[in-house]
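First, the structure itself, so that you have it in front of you.
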Amino acid sequence: MSLTLSFRKGFSLIEISVALVVMGILTAVAIPVALNVNRAQKVGQAMSELSNIREIIISYYKINGKLPSHDATYSLPTSTIGIPDQYSKDPIKGIPYIYFADTTAGSTDTIYIDGVPMGDISAVIISAGPNGNFDGENATPDDGRFESSGTGDFDDILYYVCELDLKGGPRVLSSQYCETYTLILSNKDVNGITYYMRTISDVINPSPYATLTPGSSITLSNLPPYTCVQISTDKNFRDQRTQFFNITSFNEGSDCMENVVIYSNFSGVQSPPLITGDLSQ
């Protein structure tokens with residue numbers, strides 16, 4: 001008669017310890033990578049917003065013959081230039097953009113960037129960047145001196161409008177602009193994502209959103225020159241998922257028609273869509 005012994009094999013303390021160490025290493029590597037990707041995405045969105053805002057300010061000048069003034073807090077004049085208040089803050093940390101303008105023609109130069117004068121009519125829009133602080137000269141906008149780059153922890157994002165941007169060519173009077181525009185917006189996202197779009201002529205009362213399923217398009221006519229168009233993967237148009245452009249500044253050529261295509265999404269539905277420029281030409 002034989003006796004059979006059975007043993008249940010488990011993990012030893014050494015094996016468990018090794019597994020925990022490996023998991024800790026993987027976590028320590030993965031978390032910074034994810035944070036860096038998220039930060040890079042938001043920095044890219046802030047740069048896109050600042051570029052759009054810069055073009056809107058230039059268009060405002062060419063139609064009105066003047067730059068919008070800054071206020072005592074150097075906040076972005078969203079209602080004056082016709083964009084929603086949500087774009088007054090950067091998407092990185094929600095810090096309000098700085099806006100500073102020299103609006104008086106014929107005055108002495110009052111705005112300097114990296115020590116270079118921008119002319120007697122100029123403006124700057126600045127994001128505090130990932131560290132959430134306005135660094136160097138940008139921390140004191142009242143002196144009219146700013147920096148586009150710096151040393152140490154400097155990570156501000158600065159866009160400017162100089163006198164040459166505004167007066168380099170003949171000023172276009174408002175009567176020479178299109179009185180209304182037509183927008184053709186098509187969803188050709190390669191990943192088949194559904195988008196939502198709305199227009200904003202009145203900052204307080206945005207229009208109801210329209211749904212753009214994959215492969216569909218929408219045509220909107222009789223849009224006023226300062227209509228803001230928002231495109232998002234989110235029905236609530238939260239900042240981090242929304243792309244926007246202004247009708248007047250986005251239009252190319254003189255046909256008063258904008259043909260825009262949504263072709264991709266940066267990193268899934270949690271990020272803003274990528275769009276083409278005006279393809280009407």
Side-chain angles (χ1 to χ4, degrees), residues 35-36 38-78 80-81 83 87-171 239 243-246 249-250 272 277:
L35 291 175
N36 286 336
N38 184 58
R39 182 174 68 173
Q41 177 183 334
K42 289 185 176 181
V43 168
Q45 184 180 347
M47 294 175 69
S48 177
E49 288 185 6
L50 288 174
S51 178
N52 276 325
I53 291 167
R54 175 184 180 276
E55 294 303 316
I56 291 170
I57 290 171
I58 292 173
S59 291
Y60 180 92
Y61 176 86
K62 290 185 176 180
I63 288 178
N64 296 280
K66 61 180 181 180
L67 285 174
S69 301
H70 61 258
D71 60 20
T73 62
Y74 308 108
S75 59
L76 194 67
T78 53
T80 300
I81 62 177
I83 63 173
Y87 294 108
S88 65
K89 298 180 180 179
D90 72 47
I92 305 171
K93 287 195 172 181
I95 306 295
Y97 292 126
I98 279 180
Y99 172 74
F100 184 92
D102 174 15
T103 61
T104 307
S107 67
T108 57
D109 296 319
T110 57
I111 290 182
Y112 290 77
I113 299 176
D114 301 327
V116 178
M118 294 293 105
D120 62 354
I121 302 177
S122 51
V124 293
I125 320 106
I126 313 171
S127 162
N131 71 6
N133 296 312
F134 290 101
D135 302 309
E137 290 281 14
N138 300 337
T140 54
D142 56 311
D143 65 3
R145 292 183 175 272
F146 303 92
E147 292 176 290
S148 64
S149 61
T151 58
D153 196 32
F154 187 101
D155 60 6
D156 294 358
I157 304 168
L158 182 148
Y159 277 66
Y160 65 86
V161 178
C162 68
E163 184 176 14
L164 185 61
D165 294 322
L166 303 172
K167 302 172 72 174
R171 187 168 76 85
D239 291 2
Q243 176 69 278
F244 81 98
F245 61 90
N246 178 277
S249 64
F250 212 65

* Who pairs with Glu55 by side chain to side chain contact (heavy atoms under 4.5 Å, CB included), at least two apart in sequence or on another chain? ->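 Per chain and number, Glu55 pairs via side chain to side chain contact (heavy atoms under 4.5 Å, CB included) with Ile58, Ser249.
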* Asked: Once you round to the nearest 0.5 Å, how far does CD1 of Ile126 lie from CG of Leu158?
  -> 4.5 Å
* To do: State whether the side chain of Gln243 and the backbone N or O of Pro272 hold a donor-acceptor pair below 3.5 Å, judged by distance alone.
  => no
* Asked: Within the side chain of Lys93, is there an N or O that forms a donor-acceptor pair under 3.5 Å with the backbone of Pro130?
  ->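 Here the side-chain-to-backbone pair exists.
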* Which residue pairs satisfy the ring pair (Phe, Tyr, Trp, His ring centres under 6.0 Å) criterion with at least one member in residues 120-147, sequence neighbours excluded? ->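 Listed once each, the pairs are Phe100-Phe146.
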* **Inter-residue atom distance Ser127.OG - Lys42.NZ, 0.5 Å rounding** =>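 Reported value, rounded in 0.5 Å steps: 12.0 Å.
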* Structure fact -> Between the CD1 atom in Ile57 and the CD1 atom in Ile83, the distance rounded to the nearest 0.5 Å is 8.0 Å
* Separation of Cys162 SG from Ile121 CD1 (nearest 0.5 Å) -> 11.5 Å
* Please identify each residue that fulfils side chain to side chain contact (heavy atoms under 4.5 Å, CB included) with Ser122, with sequence neighbours left out. =>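 Partners of Ser122 under the side chain to side chain contact (heavy atoms under 4.5 Å, CB included) test: Asp102, Ile111, Met118.
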* Asked: Heavy-atom distance under 4.5 Å between the side chains of Ile157 and Met47, does that happen here?
  -> yes
* Which residue pairs pass the salt bridge (Lys or Arg N to Asp or Glu O under 4.0 Å) test when at least one of the two sits in residues 123-143, sequence neighbours left out? -> none
* For Thr103, all residues meeting side chain to side chain donor-acceptor pair (under 3.5 Å), sequence neighbours excluded -> none
* **Residue from Ile81, Val161, Asp165, Leu67 passing side chain to side chain contact (heavy atoms under 4.5 Å, CB included) with Tyr61** => Leu67
* **Listed partners of Asn246 passing side chain to side chain donor-acceptor pair (under 3.5 Å), at least two apart** => none
* So do the side chains of Phe244 and Asn52 get within less than 4.5 Å of each other, counting heavy atoms only? -> yes
Identify all side-chain donor-acceptor contacts of residues 148-155 below 3.5 Å with residues at least two apart in sequence or on another chain.
from	atom 1	to	atom 2	distance (Å)
Ser148	OG	Asp114	OD2	2.4
Asp153	OD2	Asn131	ND2	3.0
Asp155	OD1	Asn131	ND2	3.2
Asp155	OD2	Asn131	N	2.8

* Starting at CD1 of Ile92, measure out to CD of Gln41 and round the result to the nearest 0.5 Å. => 11.5 Å
* To do: Answer whether the closest heavy-atom distance between the side chains of Arg54 and Tyr160 falls below 4.5 Å.
  => no
* Asked: Rounded to the nearest 0.5 Å, how far apart are CD1 of Ile95 and OG of Ser88?
  ->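 Interatomic distance, Ile95 CD1 to Ser88 OG, rounded to 0.5 Å: 11.5 Å.
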* Under the side chain to side chain donor-acceptor pair (under 3.5 Å) test, which residues partner Tyr97, sequence neighbours left out? -> Glu49
* Which heavy-atom pair separates Pro68 from Ala101 by the least distance, and what is that distance? ->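 Nearest pair, atom of Pro68 first, then Ala101: O-CB, 3.6 Å.
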* For Ser51, enumerate each residue passing the side chain to side chain contact (heavy atoms under 4.5 Å, CB included) test, keeping only those at least two apart in sequence or located in another chain. => Tyr159
* Mind checking side chain to side chain donor-acceptor pair (under 3.5 Å) for Asp71 and listing every partner two or more places apart, or none if nothing turns up? => Thr73, Ser75
* To do: For Tyr99, check ring-ring contact (aromatic ring centres under 6.0 Å, His included) against everything at least two apart and list the hits.
  => none
